[in-house]
Amino acid sequence: MDERDLDPDPIRALASWLEDARASVPQADAMALATATPDGGPSVRIVLLRGLDERGLAFFTSRSSRKGAELGANPSAALCLHWWELGRQVRVEGRVEELGVTESAAYWAARPRPSRIAAWASRQSEPLGSRDELTAAVARAEERFADADVPLPPFWGGYLVRPEWIEFWTHRDDRLHDRIRYSRTPSGWVRERLGP
Ligand SMILES: Cc1cc2nc3c(=O)[nH]c(=O)nc-3n(C[C@H](O)[C@H](O)[C@H](O)COP(=O)(O)O)c2cc1C
């Protein structure tokens, strides 16, 4: 990979790689999201990339989940997208902000009804006595919203990761992979090549 093949704006470069991935890779939007407690205890899980614009990368989840609690106390995150078929990886690090109700509601409205019922029924990341307990909670949520639209729960919404660093990696069979890292500076994005 040549630096000149990547857009000087890393968000545009990522948008272009995503387009390639969506055309050829299943679940191209899946990304590992790492968060940490204030004293540095890390945790990681997959979430779906659900928005990309000049501000950064957006995903949606329960704010009362483990990741939500960690982001509330320590609003920093790292993301990693990997597309095996393309031999490409992208890593992102940055500060995290909650998306407002308007953006969260817009995404919520586009979710299928069963997903919206599931969000109301599940206390994400909390211990559950049994599968039956969850099934009963789903039935209660279905009854509660039987004749109505399923509203945005107050405990659910979007987060925006505002990148400080974005790294683009491409595989090479000789293991001398290419790594181009963009760092945000007061005067704009700076690009450097990193050792593989
Ligand atoms: C392919 C895939 C996509 C997922 N997308 C999301 C998502 O967009 N939002 C979400 O809250 N959980 C998503 N999950 C579930 C999370 O990985 C995780 O189990 C859940 O959010 C609880 O994480 P936590 O307890 O660390 O907060 C996804 C899992 C997989 C495997």
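As the structure lists them, so they are numbered: ligands from 1, and atoms in each ligand from 1. Positions are given from 1 along the sequence.
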Tell me which donor-acceptor pairs under 3.5 Å the side chains of residues 188-196 have, and how far apart each pair is, sequence neighbours excluded?
| unit_1 | atom_1 | unit_2 | atom_2 | d |
| --- | --- | --- | --- | --- |
| R191 | NH1 | E3 | O | 3.0 |
| R191 | NH1 | L6 | O | 2.9 |
| R191 | NH1 | Y182 | OH | 3.2 |
| E192 | OE2 | R181 | NH2 | 3.0 |
| R193 | NE | E3 | OE2 | 3.2 |
| R193 | NH1 | D178 | OD1 | 2.6 |
| R193 | NH2 | M1 | O | 2.9 |
| R193 | NH2 | E3 | OE1 | 3.1 |

>> Can you list every protein residue that has a heavy atom under 4.0 Å from any atom of ligand 1, sorted by chain and residue number?
In response: R45, I46, V47, L48, F60, T61, S65, R66, K67, Q124, S125
> Can you pull the side chain to side chain donor-acceptor pair (under 3.5 Å) pairs that have at least one residue in residues 130-145, sequence neighbours excluded?
Replying inline: none
> Which pairs, with at least one residue in residues 105-121 and sequence neighbours excluded, count as a side chain to side chain donor-acceptor pair (under 3.5 Å)?
Replying inline: R50-Y107, R116-D149
>> Taking E164 first and then R95, would you say they form a salt bridge - that is, a charged N and a carboxylate O separated by under 4.0 Å?
In response: no
> Are there more than 12 heavy atoms of other residues, nucleotides or ligands under 6.0 Å from atom CG of D39?
Replying inline: yes
> Do we get R91 above W165's six-membered ring, with its NZ or CZ under 6.0 Å from the centre and within 45° of the axis?
Replying inline: no
